[in-house]
Amino acid sequence: RVASERASAASHELATRVAEGTALPLDLAGGSLLATSGFGVIFFPDVAAGIAELSRCVRPGGAIAFSAWGSAEETAAFQLIPTVARETLGEEATATPAGA
C-alpha cells in the first residue's frame, strides 16, 4: 500500500499484489516489466515453481528480482534460478548483458 501511494504521488504507475508465490493469478501473465519477491522465495515449498511463476508474469524484456537470506550455497533458489530462467525464457533472454 505504501509503495503504491508513493508512486501515485510521484505520478508513476505501480500495481502491487500479494499472492501465493507458486500459483500466481492467471491475469498477471506477461503483463509486468518487473516481478519481485521480497524474501518470499525462501519460503516457497517448490522454489523452481515459484521462479517459473515470477518468470511467467513478466513481459518479454522484463525482469524478475528477489531478495533472500543466505549464501548461494545455502539457498536453494540461487541454485535453481539460472536453470529455471533459461528453461522458461530461453538462452538469449537470460544471457549476461555485455559489460555486466
Side-chain angles (χ1 to χ4, degrees):
R1 188 184 96 224
V2 173
S4 293
E5 290 171 359
R6 287 184 181 171
S8 180
S11 299
H12 297 294
E13 184 180 330
L14 173 70
T16 59
R17 296 276 287 271
V18 176
E20 166 56 49
T22 57
L24 298 171
L26 292 176
D27 68 319
L28 295 178
S32 297
L33 286 173
L34 175 65
T36 65
S37 173
F39 295 100
V41 69
I42 62 175
F43 300 106
F44 291 169
D46 181 344
V47 175
I51 300 304
E53 279 293 277
L54 287 173
S55 298
R56 180 181 64 79
C57 292
V58 296
R59 64 179 74 155
I64 61 171
F66 61 91
S67 53
W69 292 294
S71 67
E73 295 76 29
E74 297 170 322
T75 306
F78 292 130
Q79 310 287 327
L80 294 171
I81 287 167
T83 300
V84 173
R86 276 190 301 278
E87 290 173 0
T88 304
L89 303 173
E91 290 288 336
E92 186 176 317
T94 57
T96 302

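Sequential numbering from 1 along the given sequence is applied to the chain's residues.
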Non-hydrogen atoms of Val58 and Ala63 that approach each other most closely:
CG1-O, 3.2 Å
If the condition is side-chain contact (heavy atoms from CB on, under 4.5 Å), which residues does Ala23 pass it with, not counting sequence neighbours?
Glu20
Using 0.5 Å steps for rounding, measure from the SG atom of Cys57 to the CG atom of Asp27.
8.5 Å
Nearest 0.5 Å please: distance from the CD1 atom of Ile64 over to the OG atom of Ser37.
9.5 Å
Who passes side-chain contact (heavy atoms from CB on, under 4.5 Å) against Ala48, sequence neighbours left out?
Asp46, Leu80, Val84
What pairs meet the side chain to side chain donor-acceptor pair (under 3.5 Å) rule with one or both residues in residues 47-56, with sequence neighbours excluded?
Glu53-Arg56
If you take all heavy atoms of Ser67 and Val41, which pair is closest and at what distance?
O-CG1, 3.9 Å
How long is the gap from OG1 on Thr88 to CD1 on Ile51, to the nearest 0.5 Å?
9.5 Å
Work out which heavy atom in Pro45 is nearest to a heavy atom in Thr22; give both atom names and the distance.
CD-CG2, 4.2 Å
